[in-house]
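Single-structure report; data block below.
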Amino acid sequence: MNNAIDISRMRDPSFTAEVEAQSGQKVSTCYQCGNCTAGCPASFVYDRQVNQIMRGVQLGLKDQVLNSRSLWMCLSCSTCSLRCPNDIDVAAVMETLRHMARKEGRVTVPKVEKFWFSFLDTVRRFGRTYEIGTMALYMLRSMRVFTDVDLAPTALAKQKLGFKPHVTPNGGAEAVGRILKRYEERAKREGVRP
Amino acid sequence: MNFAYYPGCSAAGSSADYEMSTRAVCRALKIGLQEIPDWNCCGSTPAHAVDTELSAALCVRNLDLAARMDAATVVTPCPSCLSNLKHAGKRMENPDFRARVNELLDNPAAETLPEVTSVMQGIASCRSAADIAANVCKPLKGLKIAAYYGCLMSRPAGLMQFGDPENPTLMESLLAACGAEMVDFPLKTECCGASFGIPERPMTAINSGRILEVASNMGVDAIAVACPLCQMNLDLRQKQASKAVNVFFNMPVLYYTQLMGLAFGFDPRELGLHKLCVSADPLLQKLDGLRREEALAEAKAKAAEGGNA
Amino acid sequence: MPVLNGKELRIVGFLCNWCSYGGADTAGVARAGQPTDLRIIRVPCSGRIDPLFIVKALLNGADGVLVSGCHPRDCHYSAGNYYARRRLEVLKQFLPVLGIDDRRFEYTWVSASEGQRWQHVVTTFTDRIHKLGPAPRLEDAEPLLKIADMALTSLRPLGTGQNAALDDLKAAIKAKLPELDCVIGWQQGYDAAHTVPLFMRTPEDVDKLVWGPFNVNNPATYLPSFKGKKVGIVVKGCDSRSVVELLQENLIKREDVTIFAMPCQGTLDMARVNQELGRYSAIDSVSYDEAGVTIVADGKEHRFCMNDYAQGKCYGCTTPSAVLADTRLGTPEAVQPGAYTPPELAMLDAMTLEERLSFWKGQMERCLRCYACRNACPMCVCRDYCIAESREPQWMTQEATAKEKLFFQTIHAMHLAGRCTGCGECQRACPVGIPILALRQQIARAVAQLFDGYKPGLDPEAVPPLLGYELEEKNIHEREWK
Amino acid sequence: MSIIRFVNTDGLPAFLAYLSKDARVLAPVEKPADKKSVVFEEWTQGKPFTLEKATVPAKEAVLPQCETLLTYKRDKDPEDPSRVSLKLDDIPQAVPTVVFACRPCDARGYVTLDRPYLQGPMVDPYYKARREQLTVLTLTCPRGCSTCFCHWVGGGPSSPEGSDVLMTEVEGGIVLQGLTPRGDALLEGSGLEDGAARFPDAEAARKAAWATLNKAPDLKEAPAKVAARFTDVDFWEKETDRCLSCGACTYFCPTCYCFNITDEGDGYLKPGRRLRTWDNCMSPLFTREASGHNPRTAKALRMRNRVSHKFATYPENWGAFSCNGCGRCISNCPVCLDIRAIVLDAVNAE
Amino acid sequence: MRIGVFICHCGSNIAGTVDCAKVAELARAFPDVAYATDLMYSCAEPGQAAIEAAIHEHKLDGVVVASCTPRMHEPTFRRTVERAGLNRYMFEMANIREHVSWIGKDKEANTNKAAELVQIAVEKLRRDKPLSAKSFDINKRVLIIGGGVAGIQAALDCADGGVPVVLVEREATIGGKMAKLDKTFPTVDCSACILGPKMVDVAQHPNITLYAYSEVEDISGYVGNFTVKIRKRPTYVDWSKCTGCGACTEKCPSKKTPDAFNEFTGPTTAINIAFPQAIPKKAVINPEHCRQLVKGKCGVCAKVCPTGAINYEMQEEIVTEEVGCIVAATGYDLMDWTVYEEYGGGKYPDVITSLQYERLLSASGPTEGHILRPSDGKEPRNVVFIQCVGSRDRSIGRPYCSGFCCMYTAKQAVLTKDHIPDSQSYVFYMDVRAPGKMYDEFTRRAIEEYGTEYIRGRVSKIYPDGNGHLVVRGADTLMGEQVEILADLVVLAVGVEASKGSPQLAEKLRISYDSYGFFMESHVKLKPVETNTAGVFLAGVCQGVKDIPASVAQGSAAAAKVLALFARDKLENDPQIAAVDVKRCVACGKCIRCCPFGAIKEVEFRGEVKAQVIETVCQGCGVCTSTCPQGAIQLAHATDNQILAEVNALCQC
């Protein structure tokens with residue numbers, strides 16, 4: 001059996017075009033120097049390196065790219081964009097891919113998305129975040145025990161973690177709630193995953 | 001000089017010390033910080049990781065409130081908030097994007113949104129090195145300090161306008177004005193991985209470890225930071241980082257405002273130094289020692305002069 | 001030859017031989033498919049392209065004109081495209097005032113190796129022209145007539161200048177007269193409500209000199225005809241700018257000209273004054289006060305307050321006193337430059353492109369081609385050899401169509417680019433009152449915007465902007481071909 | 001007694017409509033402009049017109065600014081493209097024309113133009129065709145004007161020369177007086193009310209106009225005196241020092257008749273046109289020869305030609321000045337050059 | 001006029017999408033066209049013969065050929081019509097291939113467009129006038145600017161061909177960059193050993209006049225007759241007396257003078273001779289560091305000089321030379337790599353350029369050929385080479401490949417191993433570009449025999465670890481991993497840019513240059529040595545990056561161009577130039593101000609000032625024509641009336 005990627009069949013130029021359009025970046029200018037990978041602080045937890053993601057986009061290999069774990073591990077630090085010799089905003093491409101993946105329901109690293117949702121839930125409820133709330137929600141969602149349990153004593157002692165939710169005083173929380181609600185409604189209307 | 005002020009969520013929690021010291025320093029420098037009433041979370045990484053328009057909507061609500069205060073400039077201490085607010089402001093220049101964002105908001109955003117900048121740049125924009133030095137009563141002279149900016153403050157360069165994105169020097173100039181000896185810290189803009197501190201701990205620890213390692217190799221007394229996430233990462237998670245790179249650290253990680261505050265003569269508690277996980281006490285003792293010696297030497301010199309006279 | 005019906009629009013291209021023509025060749029060699037509308041005229045250099053070729057094409061039926069040359073720095077002739085860049089940009093900013101959509105004209109730089117870019121440029125431009133559709137023709141426009149709003153506020157107080165030191169001036173001229181061939185000034189015309197140029201050769205002539213708001217003529221117009229002779233000239237501030245511009249262009253020599261200056265408080269818009277006076281058989285009296293003139297004609301009194309009846313240019317004047325003089329009498333008031341759009345231009349600014357085309361159609365119809373506009377212009381130094389009336393080269397036909405007449409005005413305006421001081425003599429001289437100054441004003445505005453507020457006729461040493469260039473033009477940017 | 005009709009002011013459009021039934025009517029139209037600008041334009045139903053003296057003369061009716069004399073087309077032999085045949089097409093363009101409300105000076109202009117164009121050794125067929133179909137309705141002037149001097153040169157505010165109908169404004173309307181059979185016929189068919197009763201008013205108005213004129217100098221000696229100045233170049237230089245050499249004076253003159261002929265187009269793919277356009281003796285091009293030589297390079301020499309022609313040579317040939325004193329050359333001159341002053345200087349010169 | 005029109009099929013190249021017979025038929029209706037036909041291949045011999053025959057048969061006095069671009073065959077057809085007895089300028093071309101048949105598929109539209117292009121060519125031709133060239137004398141001397149290996153080669157070849165050469169070198173010695181190299185690839189032979197003899201030849205050749213430490217100040221004139229002003233900078237040493245003995249350099253007390261020849265890797269003395277093989281071997285005082293010149297006291301060199309050559313009062317001097325043509329061989333400089341803040345921006349002493357490394361390797365360098373790292377003078381163990389620093393990097397405006405870095409990096413890796421056998425070299429590269437003779441074999445040797453580790457990927461960051469090493473963090477894209485190397489020394493293969501001052505020199509030469517300062521050749525493929533200014537030729541890297549063999553080859557090629565030009569006794573100008581109609585000219589001087597070539601002057605004509613075109617200088621750009629408001633100056637064959645006729649033919653429909 002041949003496991004090679006059949007490029008002639010799997011290549012999807014419209015995917016490349018879509019990424020270029022959404023990110024505003026011309027992916028074809030990438031010549032695979034690897035500088036993005038070289039500077040990436042998250043490189044060692046990626047399943048595909050940034051330059052390989054870029055290559056996948058160039059080739060139009062949508063599944064390989066959108067199913068990659070790397071999209072979810074990107075820290076958005078923009079080091080790749082900063083040092084790209086072809087001035088590609090690689091971080092924007094990564095973010096675009098993440099949005100595309102999410103909207104199609106491809107969430108390869110659910111814990112990351114769960115963390116985001118926990119965070120946004122806090123924001124929705126209180127208008128602002130507070131660490132304990134986010135963590136609690138995250139633990140509930142990810143079914144993981146307190147990941148940073150070793151830090152808790154120090155953090156608590158130093159009052160590093162807010163126990164009280166910070167609530168916006170004058171109806172801001174409600175306003176934020178409405179923003180999130182409208183966003184979710186619109187996403188549903190447009191058929192994407194909120 | 002007055003700025004509209006966006007403290008950011010961590011100001012009330014993990015970076016209460018940043019908040020305390022920022023307010024103290026600005027008070028000393030007679031810079032007014034008018035908190036945007038009823039501000040909300042900028043959405044941080046999760047919001048923009050989920051959707052750009054959502055992220056912008058959360059930010060624009062704050063900018064719109066600031067616009068209603070007739071503020072020309074909003075300052076914020078947190079680079080993450082800064083980045084989000086700036087991105088949102090920039091993107092709102094695109095009419096299509098603006099329309100989409102307005103759909104999410106209660107009322108359409110003001111046509112002209114205020115500029116956003118960091119507190120650090122806000123200070124530098126209206127106070128010269130001499131102004132700062134004039135407030136110093138306890139110079140940091142003799143303290144070797146590495147300035148660490150993290151990844152967000154200077155990037156993307158075009159948007160953030162924070163000097164050379166590889167080698168910003170603003171924090172150095174502020175702290176140098178307070179007398180500190182600033183080392184040329186090569187990893188000043190490397191990412192510490194903090195935004196994944198919760199879901200992806202090992203990655204964060206390794207990145208932080210590298211930063212702490214080079215800093216301690218350079219023999220600095222402390223790392224100065226400007227980002228609540230970086231601070232939490234390098235300070236609270238210092239032990240995790242130690243484990244990850246197998247080197248023991250005992251490196252105080254202070255907000256630059258705390259250092260400035262010390263130089264301005266504020267009480268360490270007023271600056272929230274007690275909230276640091278890696279204690280700054282040895283640092284404070286060293287500083288007191290240095291100043292004492294200096295005073296002694298000066299007194300001696302004076303005495304000698306007087307004797308001659 | 002007719003444009004292919006329905007398929008094509010008429011697009012004329014001017015391409016330099018070395019880069020862009022080669023770029024189009026390269027595109028051809030690469031079989032880079034393009035729309036077929038474009039017809040390429042090959043010229044040696046983009047610097048060879050007289051902007052008037054482009055206007056000619058656009059007025060005569062072209063729907064679009066595309067110019068392409070070597071990239072800045074790459075000119076085969078080292079600098080031709082730098083000159084072209086300035087001229088073409090000025091043209092681009094000028095076209096709308098005629099009622100021509102400036103999107104119908106574009107210029108760009110394509111090198112001989114940039115076949116792909118050429119394909120992109122042609123495709124984009126042709127697409128743009130097709131979106132705009134066939135160009136509206138002047139011939140088809142419905143005449144539209146409008147008058148500029150002359151209710152203006154001036155940057156400085158206007159007056160009649162009756163306290164001017166006229167006697168001192170006369171004495172100064174008399175003292176200098178022996179060294180000079182003549183001194184140009186003003187004297188009373190056929191009645192006390194009109195002045196005409198005066199050429200003083202004797203002390204008695206000097207006694208005829210008058211000073212006041214009727215001194216509308218720009219005496220600088222006569223200076224080039226005195227080439228090689230020593231001549232004196234009495235100037236208002238605006239006139240002095242013409243003198244300076246003539247100096248800038250080496251059309252007269254500084255050592256040949258002696259300039260006498262008095263601060264001007266404004267001159268009357270004789271068109272409106274005559275309109276108000278109507279047909280009269282005799283002037284009974286003309287009396288002045290600080291603010292205006294009172295004329296009694298055939299027993300009827302007419303009051304002309306300077307603030308209401310000054311020439312359009314006086315309201316925005318920032319040089320009431322000469323910018324250059326040998327003898328100055330009186331102290332000029334300092335004027336703070338302020339925002340000022342000339343009334344004629346303001347009127348056109350408020351119109352749509354279509355209205356502007358209709359406007360010029362309506363205006364130019366009554367032009368008799370007497371060329372008073374040209375001959376009154378102090379900067380028109382070709383005069384005997386004006387290209388409007390020559391066959392070698394033949395830019396115009398002798399037909400009395402609005403198109404030809406408007407084209408002449410365009411020639412005049414383009415030839416004045418970066419040179420026109422806005423003295424307004426062209427419009428003042430027009431016997432049928434066509435507001436042609438607006439075209440020159442638009443050029444002047446474009447020049448000021450492009451070249452850091454450059455105003456002609458302020459500095460004898462300044463190089464007129466269209467006779468120079470910068471390697472990097474601060475205010476001219478290559479348009480993106482998106 | 002000629003035919004007299006009266007039209008009240010409100011009836012003028014109907015009268016014009018009557019005139020335009022069988023003819024092109026040229027009437028004065030005021031153009032909205034900063035400067036007073038009244039031109040003759042073809043009148044059509046509903047178009048506003050004015051009774052003011054036009055800025056331009058009514059010369060256009062017989063001698064257009066630009067006319068196509070003929071068109072020509074070159075055709076190639078399809079068998080042998082080097083063989084070309086030339087086809088000429090005369091342009092029949094004279095149409096019956098009525099000039100409405102020109103002034104006596106304009107009407108006298110036609111008489112001045114008739115002499116060289118119709119009475120000389122060569123008859124100009126184009127002019128002739130138009131002139132023969134021309135009807136002139138002249139409005140007498142109500143008063144003199146600072147730039148007018150018709151009475152110096154044999155005319156006056158109600159001079160009938162060249163007119164078919166003389167119209168005079170009276171209270172409430174206009175009295176129309178037929179002067180020629182053509183004028184009479186036109187009035188008879190007009191259906192206007194009889195105006196005999198108002199004719200005394202008209203006569204009074206004409207008389208009143210004469211009374212506003214200043215005293216005319218005696219120009220009997222002018223032809224000889226002007227001719228005598230011919231060699232006095234200094235005189236002409238002094239008189240013309242402020243002249244700009246533009247064409248305003250000639251183009252606005254009802255008696256200037258010089259023209260230029262140019263061919264436009266080669267006639268190959270579309271017909272070429274042979275154009276006749278006004279020429280301008282104040283332009284250096286007027287006498288520039290094919291070699292480039294120009295006998296009149298200086299404006300003084302050109303002005304000498306212009307004034308001499310009007311006040312010396314034309315009178316010598318035709319017994320009348322070729323100047324009707326309309327004053328348009330003065331009022332339209334950008335530098336108010338005054339032909340009266342030149343002539344008087346010549347007459348008064350030693 | 002009797003015009004013949006020939007529509008070329010170009011096989012099916014044109015005829016495939018243009019109805020050529022129809023175009024010929026339409027052309028018969030155009031003015032003055034007496035004959036029109038279509039031809040299969042007009043440029044082939046039968047086609048040209050048919051044109052000639054038609055000229056005779058139909059008594060044609062002008063010809064239009066509609067075929068390919070005039071940039072291809074205009075000269076061909078001009079010769080054709082000339083053979084048939086017509087003036088060669090009574091010819092126009094319509095480009096119906098590149099501009100019509102090859103870019104459009106719609107045959108109807110193409111045919112119509114082709115006919116219109118023929119029509120405008122006919123309209124232009126109808127207004128053409130026969131032109132004839134003027135001939136003028138040539139001054140058979142050549143100026144060569146730049147004494148690097150390309151300039152040296154050009155100078156020697158010209159001089160050997162009997163042409164007097166004026167060689168101007170900005171530095172105190174000729175030799176250029178090659179003189180700084182230790183060894184050359186792929187033979188690894190000693191640079192100085194192969195260049196040295198050529199330099200000596202320059203010094204000794206009777207036909208060569210060398211101006212070292214001099215620069216070209218101004219150039220005027222035109223091909224065959226240039227006048228060049230050369231600015232001789234003060235050396236403070238009378239070179240006619242200096243013997244190069246070196247006594248002064250030994251005694252000079254200013255021993256901390258920066259050494260530009262050694263790329264600032266070590267100090268030198270204020271008075272010095274760049275290197276032992278310098279030509280001319282003469283001393284030069286660096287006035288910024290000479291105690292006598294700065295403080296007015298010292299004078300040691302004057303005291304020790306055995307020939308009394310020291311002259312502290314020396315001033316700069318301008319000399320004028322007359323030449324017939326010019327070769328520019330100004331070479332290159334390394335770009336300012338300190339814009340790479342991620343590599344330390346120049347802060348780390350042990351991050352050096354490849355050219356600095358050459359000086360460390362060279363026996364005549366500051367370390368006498370020992371590789372010692374600048375920070376502590378220790379021998380490095382791990383040496384990291386980084387390619388493409390300032391090459392192929394759009395983000396800093398250097399998108400081009402510097403061409404020879406791949407090869408010299410391999411050479412330096414090899415030499416590193418030779419010098420320090422227990423060292424390990426690493427090369428971060430994107431692609432290895434080794435297309436020359438023996439080149440790829442050489443890089444393979446570096447890897448296979450010398451154990452150089454090639455890592456495919458760019459380096460993101462270099463930073464000191466605080467323990468005396470540099471951390472080089474890059475990627476190995478082949479592994480798909482981020483990698484780090486703890487390096488002792490990092491050598492950057494810094495990209496090449498045009499030599500400093502190139503744009504200014506180009507403006508003096510009136511040649512064009514690209515956005516990086518490289519001089520523009522006349523045709524990128526077919527005229528790589530010529531420029532658009534007649535009589536100015538290019539050699540070496542000033543035209544574009546190239547290695548030593550290519551530079552030498554182009555030096556010789558430029559010499560061949562010079563010798564070919566000088567083989568003629570007279571030169572002819574292109575008569576398609578501007579001319580003034582003195583009747584129309586009012587002497588306003590606008591044309592003079594705008595002429596890019598200074599080709600218009602004021603003359604007195606019958607007592608009046610008029611403009612006049614200097615026929616041998618005018619290049620025919622036409623800026624004057626579009627500048628002259630009264631149309632008094634017209635460019636032959638692009639007159640206002642010609643362009644207007646073309647516009648009118650296209651518009652006015």
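Chain letters run A, B, ... following the sequence lines, proteins first and then strands; every chain starts at 1. None of the values given here were measured: they were computed from a predicted structure.
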Can you confirm whether more than 12 heavy atoms, excluding those of E/K255, are under 6.0 Å from its NZ atom? yes
Within 6.0 angstrom of E/E288 CD, more than 12 heavy atoms from elsewhere: no
So with a 6.0 Å cut-off around CD of E/E484, is the heavy-atom count from everything else above 12? yes
Could you look at E/Y348 and say if it's the side chain, the backbone, both or neither that has a heavy atom under 4.5 Å from chain B? side chain
Would you find more than 12 non-hydrogen atoms of other residues, nucleotides or ligands less than 6.0 Å from E/D422 atom CG? yes
Which residue pairs pass the ring-ring contact (aromatic ring centres under 6.0 Å, His included) test with at least one member in residues 372-402 of chain E, sequence neighbours excluded? E/Y357-E/F385, E/Y400-E/Y516, E/Y400-E/F518
Under 4.5 Å, heavy atom to heavy atom, which residues of residues 461-477 of chain E contact chain B? E/K461, E/Y463, E/P464, E/D465, E/G466, E/N467, E/R473
Greater than 12 external heavy atoms within 6.0 Å of E/K500's NZ: yes
So which bits of residues 148-168 of chain B come within less than 4.5 Å of chain E, counting non-hydrogen atoms only? B/D164, B/E166, B/N167
Count the heavy atoms of every other residue, nucleotide or ligand shown that sit under 6.0 Å from CD of B/E115, and state whether that count exceeds 12. no
My understanding is that only residues two or more places apart in sequence, or in another chain, count here; which of them pass side-chain contact (heavy atoms from CB on, under 4.5 Å) with B/A244? B/A205, B/I206
